[in-house]
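Following: one structure in structure tokens, then a few remarks.
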Amino acid sequence: GIRLEDELIRIRQLLEAAEIEFQLEGSPKLVNTSLITENVLSMCLKEAVTNVVKHSGATLCQVRIEPSRTDLLIKVKDNGTGIEGSSLYDKGHGLQGMRERLEFVNGSMDVLQDQGTTLIIRVPNVFK
Ligand code: ATP
Ligand code: MG
């Protein structure tokens, strides 16, 4: 399984190679998240950032890790072209795969289009 901290190292390298500025807010040291959920989050983050590199033409990618009392949110925002409406679930399997994996851990994903693309990934906390 992949820890979020390790995936962040890789996406930092990926974005650097693509000459896209990377900004990280929040800590990847998760306390209320199960390992399986963290693995799913890592896969989602990888796919989201791969999409930014492949499709967005962005100059900036911001990742925000936001814990709350009940949930963990990860927001991946770029300042690129935005997703053309018809492409959202038709063209590839990445976004669909993210949704399916998130459902498996009772999470969800929303796509916002506002001067680029923002993916909002949500998973529930577990209390150990
Ligand atoms: P795959 O992920 O299966 O390799 P893919 O990346 O084309 O292929 P998705 O990840 O499902 O498929 O994305 C679907 C489409 O949405 C993409 O083909 C692209 O047109 C568009 N897209 C996704 N993310 C972004 C983004 N950050 N900016 C602009 N367009 C995007
Ligand atoms: Mg993709």
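First listed ligand is number 1; within each ligand, the first listed atom is number 1.
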Distance filter under 4.0 Å to Thr81 heavy atoms, resulting ligand 1 atoms: 29 (C)
Side chains of Gln23 and Glu25 only: does a donor on one sit below 3.5 Å from an acceptor on the other? no
Would you sort out whether Arg10 and Leu8 count as a side chain to side chain contact (heavy atoms under 4.5 Å, CB included), showing the intermediate values? CA-CA 5 Å; Arg10 289 189 231 177; Leu8 280 163; over 6 Å; no
Do Val126 and Asn32 pass the side chain to side chain contact (heavy atoms under 4.5 Å, CB included) test, and can you show the C-alpha distance, the side-chain angles, and the key distance before you say yes or no? CA-CA 5 Å; Val126 292; Asn32 293 320; 5.5 Å; no
Under 4.0 Å from one or more heavy atoms of Gly82, ligand 1 contributes atoms 29 (C), 30 (N)
How close does the nearest protein non-hydrogen atom get to atom 2 (O) of ligand 1, and which residue and atom is it? Glu47 OE2, 3.0 Å
Checking side chain to side chain contact (heavy atoms under 4.5 Å, CB included) for the pair Asp71/Val123: CA distance, chi angles, key distance, verdict? CA-CA 6 Å; Asp71 295 319; Val123 293; over 6 Å; no
Heavy atom of the protein closest to atom 3 (O) of ligand 1 (residue, atom name, distance): His93 N, 2.8 Å
Answer yes or no: does an N/O atom from Lys54 fall short of 3.5 Å to an N/O atom of ligand 1? yes
Taking 2.8 Å as the distance threshold, tell me the number of protein N/O/S atoms next to the Mg ion (ligand 2). 2
Starting from atom 13 (O) of ligand 1, locate the nearest protein heavy atom and write down its residue, its atom name and how far away it is, to 0.1 Å. Leu95 CD1, 3.7 Å
Atoms in ligand 1 with a heavy atom of Lys91 nearer than 4.0 Å: 18 (O), 20 (O)
From CA spacing to verdict: side chain to side chain contact (heavy atoms under 4.5 Å, CB included), Leu24, Phe22: CA-CA 7 Å; Leu24 174 65; Phe22 178 50; 4.0 Å; yes
Which bit of Thr117 gets closer than 4.0 Å to ligand 1, counting heavy atoms only: side chain, backbone, both or neither? side chain
The protein heavy atom nearest to atom 8 (O) of ligand 1 is Gly92 CA, 3.5 Å
Identity and separation of the nearest protein heavy atom to atom 25 (C) of ligand 1: Ile83 CG1, 3.6 Å
Can you find a non-hydrogen atom of Gly80 under 4.0 Å from ligand 1? no
Take every heavy atom of Glu84, measure it against each atom of ligand 1, and state whether any distance is under 4.0 Å. no
Protein contact to atom 24 (N) of ligand 1 [nearest heavy atom, distance to 0.1 Å]: Asn51 CB, 3.4 Å
Taking only residues two or more places apart in sequence or in another chain, which ones pass side-chain contact (heavy atoms from CB on, under 4.5 Å) with Ser108? Arg122
Sidechain N-carboxylate O distance under 4.0 Å for Glu66, Arg64: yes
Closer than 4.0 angstrom: is that true for some heavy atom of Met98 and an atom of ligand 1? no
When rounded to the nearest 0.5 angstrom, what distance separates CG in Leu72 from CD1 in Ile65? 7.5 Å
May I ask you to identify the nearest protein heavy atom to atom 15 (C) of ligand 1, giving residue, atom name and distance to one decimal place in Å? Ser87 O, 3.4 Å
Interfacing atoms of ligand 1 (cut-off 4.0 Å, heavy-atom, Asp78): 26 (C), 27 (N)
Answer yes if the side chains of Asn79 and Thr59 hold a donor-acceptor pair under 3.5 Å, and no otherwise. yes
So, is His55 polar-close to ligand 1, with some N/O to N/O distance under 3.5 Å? yes
